[in-house]
Number of protein chains: 2
Amino acid sequence: MTAMHNPPHPGEVLREWLDGITVTDAAARLGVTRVALSRVLNGAAGISPDMDLRLSKALNTTPGSWYAMQSNYDMWQAQRRFRAKVQPITPAATAG
Amino acid sequence: MTAMHNPPHPGEVLREWLDGITVTDAAARLGVTRVALSRVLNGAAGISPDMDLRLSKALNTTPGSWYAMQSNYDMWQAQRRFRAKVQPITPAATAG
DNA sequence: ATCATGTGTATAGCGTAACGTTACACGCTA
DNA sequence: TAGCGTGTAACGTTACGCTATACACATGAT
């Protein structure tokens, strides 16, 4: 339950990996638009499954790791917004 | 790298958790439409972050676990579709 | 000062996807 | 037959990732 502590958006982390290369160049290597990568780096867009695979290939990271980071971030954000009331679904509740 | 082996869509897994309760009743407890839950159970829709939180509350599971399952499934599907060519981004490539 | 380059960002358009609403069809059972 | 549970199609809404285009700003070289 003490899973994550305010994770940064993956774009921040990605920025460190792209330290010595320009956004324009990195985008070209990834096969995406400069705008698309810029939006990720600045948190205006998340990392899609497709983008994850491009990153894992270009940066030689484990496939799914970037998207997993994104998922954690998305869940974190969703928790803050979540207000819905939910009724329990348990064997007890089912039996009753 | 030998991470996952053809994961089932989370709806399949979820179905087992809702064994003794009707779809209509479960949907009502979750606070979503019967149609929405049915789509998830039949693989016509994925588990969104919002749906994950509803499930984790109702079923008393760890928040994020259902969405993580969905993410794995999505990555798996993305890998099969992925065909894009990507240029490496490494210190060597950066320096060159 | 002028120009090229890198960058951030706004806009519009496209495709995908989750969700609610409504409605129809099928199967089962009282 | 009537009622319930279920699957699903159609439609509109909303959100989001991506491309293409364009504008503005900063920096460095000519």
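Just so we're on the same page: letters track the sequence lines, and every chain starts at 1.
Against DNA chain D, the stretch residues 45-57 of chain A makes heavy-atom approaches under 4.0 Å through A:Ala45, A:Gly46, A:Ser48, A:Met51.
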Next item on the list: Determine, step by step, whether B:Ile89 and A:Leu30 satisfy the side-chain contact (heavy atoms from CB on, under 4.5 Å) criterion, reporting the C-alpha distance in whole Å, the side-chain angles of both residues, the deciding distance to 0.1 Å, and the verdict.
Entry: CA-CA 8 Å; B:Ile89 300 178; A:Leu30 291 171; 4.1 Å; yes

- Item | Residues A:Leu37, A:Leu18; criterion side-chain contact (heavy atoms from CB on, under 4.5 Å); working and verdict | CA-CA 11 Å; A:Leu37 180 57; A:Leu18 304 181; 4.2 Å; yes

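Residues in residues 28-50 of chain A take part in no ring pair (Phe, Tyr, Trp, His ring centres under 6.0 Å) pair, two or more places apart or across chains. Legend: salt bridge (Lys or Arg N to Asp or Glu O under 4.0 Å) pairs involving residues 61-79 of chain B, not counting sequence neighbours: none detected. Counting only residues at least two apart or in different chains, ring pair (Phe, Tyr, Trp, His ring centres under 6.0 Å) contacts with residues 34-65 of chain B are absent. The stretch residues 42-51 of chain B participates, sequence neighbours left out, in these side chain to side chain donor-acceptor pair (under 3.5 Å) pairs: B:Ser38-B:Asn42, B:Asp50-B:Arg54. For the ring pair (Phe, Tyr, Trp, His ring centres under 6.0 Å) condition, the pairs that include at least one residue of residues 11-43 of chain A, sequence neighbours left out, are A:Trp17-A:Trp66.
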Using residues 8-16 of chain A as the side-chain source, report each donor-acceptor pair under 3.5 Å to any protein atom, sequence neighbours left out, with the distance given to one decimal.
from    : atom 1 : to      : atom 2 : distance (Å)
A:Arg15 : NH1    : A:Leu41 : O      : 3.2

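Residues B:Arg81 and B:Val32 each lie close to DNA chain C; by heavy-atom proximity, the contact nearer the 5' end of the strand is made by B:Arg81.
In the helix from C:dA1-D:dT30 to C:dA30-D:dT1, the rotation axis of the first five pairs and that of the last five pairs differ in direction by 0°, rounded to 10 degrees.
Minimum interatomic distance between A:Gln70 and A:Ile47 (heavy atoms only, all atoms of both residues): OE1-N, 2.8 Å. Looking at every heavy atom in both residues, B:Met75 comes nearest to A:Asp52 through CE-OD1, 3.2 Å.
Partners of B:Ala68 under the side chain to side chain contact (heavy atoms under 4.5 Å, CB included) rule, at least two apart in sequence or in another chain, do not exist in this structure. By the side chain to side chain contact (heavy atoms under 4.5 Å, CB included) test, A:Arg80 pairs with A:Trp76, A:Gln77, sequence neighbours left out.
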Going 5' to 3' through nucleotides 7-13 of chain C and flagging B where a protein heavy-atom sits under 4.0 Å of the base, S where only the sugar-phosphate is that close, and - otherwise, we get BBB----

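Here chain A contacts DNA chain D (any atom closer than 4.0 Å to a heavy atom, that is under 4.0 Å), and the contacts span D:dG17 to D:dA22 from 5' to 3'.
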